[in-house]
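Have a look at the structure below before the remarks.
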Amino acid sequence: MELNKYIEHTNLDARATLKDIETLCEEAKKYHFETVCVNPFYVPLAKELLNGSNVGITTVIGYPLGMNTIQTKEYEAIDAINNGADEIDMVINVGCVKNKDYDLIRKEIETVRDSIDGHPLKVIIEECNLEEDEIIKLTEVCNETFVNFIEIVPNFETKGSIVEVVEFLNQHKGEILEIKASGEIQTEEEAIKMIEAGVTRMGTSHGVEIVTAKKCCGEKEACNCSNKCEHEHCHCEED
């Protein structure tokens, strides 16, 4: 399984420096990640650093709260594409969801979608702030507006595991709509579970750790450390 093609190598830290973004892009090229994901300010730099590679550039709009006007999000999206972004991740207006104003949500999605000339659009729903009926309705809106991805951003307050959320989305999404999971995906095992559940993209800052995870050969021998402990270690741990 080529895990690298599922990964959007991510640094959305407000404290990220030029050096941090340079490192992110170098790692993305080295491990052939699908995209990097950076804040809009760093899109031009990422474009320069990734020139000539097959690594795409994802950026976020309406980030992190989503409570911008439609016009603001539209401008952000157009500006990001003009600066070199390939894909747009948009945070949904959760306040409108709570107001059950799904017509405005639909208008927001369609406006941004139509402004970016066919570039992939991912709709971030932050399901940890939503009830089940709201998640279902947003998934239906994403189906109806033909966006590319619905994106979940789990945190410690998320009800249930990320896999359970993905499985729930799979019950309601159409065939065209894909799922991106971002956030707490840190290990190869977690990444594989996401993919097996139906995720086709993962936003993570742990991409390098995921794709370079060592495979254990399974051959154990007694520890010969100076403390004469009784632990057993795999041969490949020292490779």
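Along the sequence shown, residues are numbered consecutively beginning with 1.
- In this structure, Asp117 and Ile81 have side chains that are not in contact, with every pair of non-hydrogen atoms separated by 4.5 Å or more.
- For the residue pair Thr23 and Asp20, no side-chain donor N or O sits within less than 3.5 Å of a side-chain acceptor on the partner.
- Residues Lys73 and Thr111 form no side-chain contact, since every pair of their non-hydrogen atoms from C-beta on lies 4.5 Å or further apart.
- In this structure, CD1 on Ile92 lies 9.0 Å from CD1 on Ile125, to the nearest 0.5 angstrom.
- Taking SG from Cys25 and NE2 from His9, the interatomic distance works out to 8.5 Å, rounded to the nearest 0.5 Å.
- Summarising the local packing, CD of Glu2 is surrounded by 12 or fewer heavy atoms from other residues, nucleotides or ligands at distances under 6.0 Å.
- Between Tyr63 and Glu76, the closest side-chain pair of non-hydrogen atoms is not below 4.5 Å.
- Put simply, the side chain of Cys37 does not reach to within 4.5 Å of the side chain of Asn11, judged on heavy atoms.
- Rounding to the nearest 0.5 angstrom, the gap separating the CE atom in Met202 from the OG1 atom in Thr200 is 9.5 Å.
- The local environment of NZ in Lys5 is crowded, with over 12 non-hydrogen atoms from other residues, nucleotides or ligands closer than 6.0 Å.
- In terms of modelled atom types and a separation under 3.5 Å, the side chain of His119 and the main chain of Asp86 share a donor-acceptor contact.
- For the side-chain hydrogen bond (donor to acceptor under 3.5 Å, both in side chains) condition, the pairs that include at least one residue of residues 36-60, sequence neighbours left out, are Thr35-Thr58.
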* Start with the C-alpha distance between Ile61 and Tyr75, add both sets of side-chain angles, then the distance that settles side-chain contact (heavy atoms from CB on, under 4.5 Å), and finish with yes or no. => CA-CA 9 Å; Ile61 65 169; Tyr75 175 80; over 6 Å; no
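- Residues Ala16 and Ile21 come closest through the heavy atom pair CB-CD1, 4.2 Å.
- Nearest approach of Ala77 to Val112, heavy atoms of both residues: CB-CG1, 3.9 Å.
- Proximity of Met90 to Ile109: side-chain heavy atoms (C-beta onward) are separated by under 4.5 Å at one or more points.
- Annotation for Asn83 and Val43: closest pair O-CG1, 3.6 Å, computed over non-hydrogen atoms.
- Val199 has its side chain out of reach of Val163: every pair of non-hydrogen atoms, C-beta onward, lies at least 4.5 Å apart.
- Atom-to-atom distance recorded for Ser182:OG and Ile124:CD1 is 6.5 Å, nearest 0.5 angstrom.
- Judged by distance alone, the side chain of Thr139 and the main-chain N or O of Leu169 form no donor-acceptor pair under 3.5 Å.
- At a threshold of 4.0 Å, the pair Lys193-Glu189 counts as salt-bridged, since one of the basic side-chain nitrogens sits closer than that to a carboxylate oxygen.
- Using a 4.5 Å cut-off on side-chain heavy atoms (C-beta onward), Glu22 and Leu49 make contact.
- In this structure, the separation between CD1 on Ile150 and CG on Leu121 is 11.5 Å, given to the nearest 0.5 Å.
- Atom-to-atom distance recorded for Glu178:CD and Lys173:NZ is 7.5 Å, nearest 0.5 angstrom.
- Remark: Lys122 engages Glu8, Glu87, Asp89 in a salt bridge (charged side-chain N to carboxylate O under 4.0 Å, His left out) (not counting sequence neighbours).
- The list of side-chain hydrogen bond (donor to acceptor under 3.5 Å, both in side chains) pairs with a residue in residues 92-107, not counting sequence neighbours, reads Lys98-Glu134, Arg106-Glu144.
- A 4.5 Å side-chain heavy-atom check between Val91 and Leu65 finds every atom pair outside the cut-off.
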* Full working for side-chain contact (heavy atoms from CB on, under 4.5 Å) between Ile70 and Leu104 -> CA-CA 9 Å; Ile70 293 176; Leu104 194 148; 4.1 Å; yes
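- Nearest heavy-atom pair, Ile88 versus Ala80, reported as atom, atom and distance to 0.1 Å: CD1-CB, 3.8 Å.
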